[in-house]
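First up is the structure itself, then whatever we jot down about it.
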Number of protein chains: 2
Amino acid sequence: MKTAAVPSDDQIDISTQSIRDTIRDAIVDRRLAPGTKLSEADVGALFNVSRTLVRAALQALAYEGLVNVEKNRGAFVAYPSPEEARQIFATRRLIEPGILREAAKHMGPSHLQHLRQLLMEEGRLMAERGQTARRAEIKASGDFHLMLASMTGNAVMQRFMDELVARSSLVIALYGQSAISSCGHQEHDDIVTAIENGDLDRACHLMIHHIDHIEADLDMRENKGSDLREAFGL
Amino acid sequence: MKTAAVPSDDQIDISTQSIRDTIRDAIVDRRLAPGTKLSEADVGALFNVSRTLVRAALQALAYEGLVNVEKNRGAFVAYPSPEEARQIFATRRLIEPGILREAAKHMGPSHLQHLRQLLMEEGRLMAERGQTARRAEIKASGDFHLMLASMTGNAVMQRFMDELVARSSLVIALYGQSAISSCGHQEHDDIVTAIENGDLDRACHLMIHHIDHIEADLDMRENKGSDLREAFGL
DNA sequence: GCGCAAAAAATCGTATACAATTTGACCACT
DNA sequence: AGTGGTCAAATTGTATACGATTTTTTGCGC
């Protein structure tokens with residue numbers, strides 16, 4: 001029963017932050033289905049820590065919008081409503097063009113190379129098959145936007161984008177149709193090209209359309225989503 | 001002892017959220033000076049709760065950027081560096097025009113009236129003297145921006161603006177020179193007028209200049225601010 | 001067999017207890 | 001007097017304990 005054989009016999013001091021990051025990765029990668037209950041005792045048992053640390057991690061995740069905590073009932077992996085999803089993408093449309101311009105200001109040749117490198121990795125993943133590859137693809141797609149944010153040198157914007165990308169990943173995993181990401185990759189490429197050419201207006205234009213396309217590919221009909229599924233126990 | 005009859009004698013169930021809000025108000029109003037240590041035991045004693053709840057509140061505030069938590073040392077009221085301050089205002093310049101346009105989309109006559117009402121209250125406070133009035137003035141000035149955010153109907157933007165306004169208030173309290181706010185009030189008024197006239201371009205323009213003016217009024221020389229003072233035990 | 005009430009179990013909310021780390025003081029020593 | 005080191009006090013980090021609330025189960029009457 002205590003077969004924790006894999007990483008090493010005993011765990012090596014897992015702190016609140018690691019717990020939070022691990023759970024977040026699991027949520028964003030959709031290894032944890034939306035609506036799943038995250039019992040404090042269960043999670044604590046998995047990480048071999050007390051409920052105290054688990055609670056702290058769950059509260060932080062609640063602040064990021066990745067889990068919902070209901071008083072006296074527990075924490076659940078967030079199940080973003082279509083309305084929430086729209087708000088998330090509306091916010092991205094609002095701030096990402098600005099981030100793009102700000103990032104471009106501070107961008108040098110090495111930064112552009114990093115972006116190209118990321119795109120290559122993204123393309124490589126796209127070619128592969130299987131759920132693992134698809135998860136990595138979604139993740140890489142988000143990393144492109146995060147890298148732009150990091151290039152602004154603005155920690156506040158970076159944190160906002162962290163949250164937006166994480167929640168977007170959750171939404172895409174929930175409502176996404178699938179074939180879309182290929183388009184997304186090409187659009188990332190076009191955006192970088194526009195930046196390289198110094199045509200920021202075009203880059204922003206492309207960025208907005210890119211976000212539009214991501215959102216347009218979602219199938220946010222309620223049946224797939226809201227209460228029914230959760231009511232049936234998963 | 002169980003006479004919960006009157007809500008005054010004993011405390012009336014102070015939850016984590018109330019603690020967080022109370023501390024935040026105190027920070028934003030600058031009743032708690034930046035750099036002040038927030039000892040878990042002391043705060044807990046003040047609210048008559050255990051350290052558990054205080055810790056939760058402090059962690060949440062740390063996430064909002066209003067307190068810094070240093071491992072094994074404790075929580076301190078944030079002391080935003082000039083660099084942080086610039087990033088905060090850069091972020092506001094980036095998103096507030098968008099919020100303005102988004103809010104204008106959903107705005108009806110009643111919304112405009114609410115804005116006007118807020119401005120009147122702001123003007124009334126401006127006329128008064130004393131530190132209390134000045135605090136209320138800073139708060140009211142922030143409320144204007146928050147009300148615009150709430151009018152977008154977008155909870156994500158609203159949360160972002162909550163954080164930005166709170167941190168801005170802290171920065172203004174720290175580095176602000178004083179006489180400025182009068183200008184700010186007039187600028188708020190002009191923005192509303194532009195919205196009423198349907199001239200959104202002008203409103204956005206005014207908004208950006210307004211944020212510029214707020215930032216320009218700050219005196220962010222390091223001596224007043226960063227490490228020295230904190231190093232000297234305050 | 002079905003529905004409902006009451007008890008039992010499970011889970012969360014909060015407080016307290018104990019371990020680990022930091023901070024400050026005191027004292028010996030150069 | 002100044003410096004370094006060790007110990008004590010205070011503070012945070014984490015776990016555990018206990019009460020409150022919710023959920024499930026049980027048992028009874030119909």
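All figures in this text were calculated on a predicted structure; none of them were measured in a lab. Worth knowing before you read on, the calculation uses all heavy atoms, side chains too, and leaves out hydrogens, waters and symmetry mates. Below, chain A is the first sequence line, B the second, and so on; all start at residue 1.
Between B:Leu218 and B:Leu174, the closest side-chain pair of non-hydrogen atoms is not below 4.5 Å. Using a 4.5 Å cut-off on side-chain heavy atoms (C-beta onward), A:Lys37 and A:Arg73 make no contact.
Nearest nucleotide to the B:Arg51 side chain, out of C:dT11, C:dT14, C:dA17: C:dA17. With D:dG13, D:dT21, D:dA15 as the candidates, the nucleotide lying closest to the side chain of A:Leu53 is D:dA15.
One can place CG of B:Asn72 at 6 Å from C1' of D:dT12, the figure rounded to the nearest angstrom. The separation between B:Glu70 atom CD and C:dT22 atom P is 12 Å, rounded to whole Å. Rounded to a whole Å, the CD atom of A:Gln59 is 12 Å from the P atom of C:dC12. When rounded to the nearest whole Å, the span between CG of A:Leu38 and C1' of C:dT11 equals 14 Å. Note: CZ (A:Arg55) to P (D:dA15) measures 15 Å, nearest angstrom. Whole-Å rounding puts the A:Phe76 CZ to C:dT11 C1' distance at 10 Å. Rounded to an integer number of Å, the gap from A:Asn48 CG to D:dT14 P is 15 Å.
Side chain of B:His106 to backbone of B:Ala103: no donor-acceptor contact under 3.5 angstrom is found.
With hydrogens and angles left out, the side chain of A:Arg73 and the base of C:dG13 share no donor-acceptor pair within 3.5 Å.
Along DNA chain D, the nucleotide closest to B:Asp42 and the one closest to B:Thr52 are compared, and the more 5′ of them pairs with B:Asp42. Projected onto DNA chain D by closest heavy-atom contact, A:Ser50 and B:Ser39 fall at different nucleotides, the more 5' of which corresponds to B:Ser39.
Cation-pi geometry between A:Arg167 and A:Phe89 is not satisfied (NZ or CZ under 6.0 Å from the ring centre, within 45° of the ring normal).
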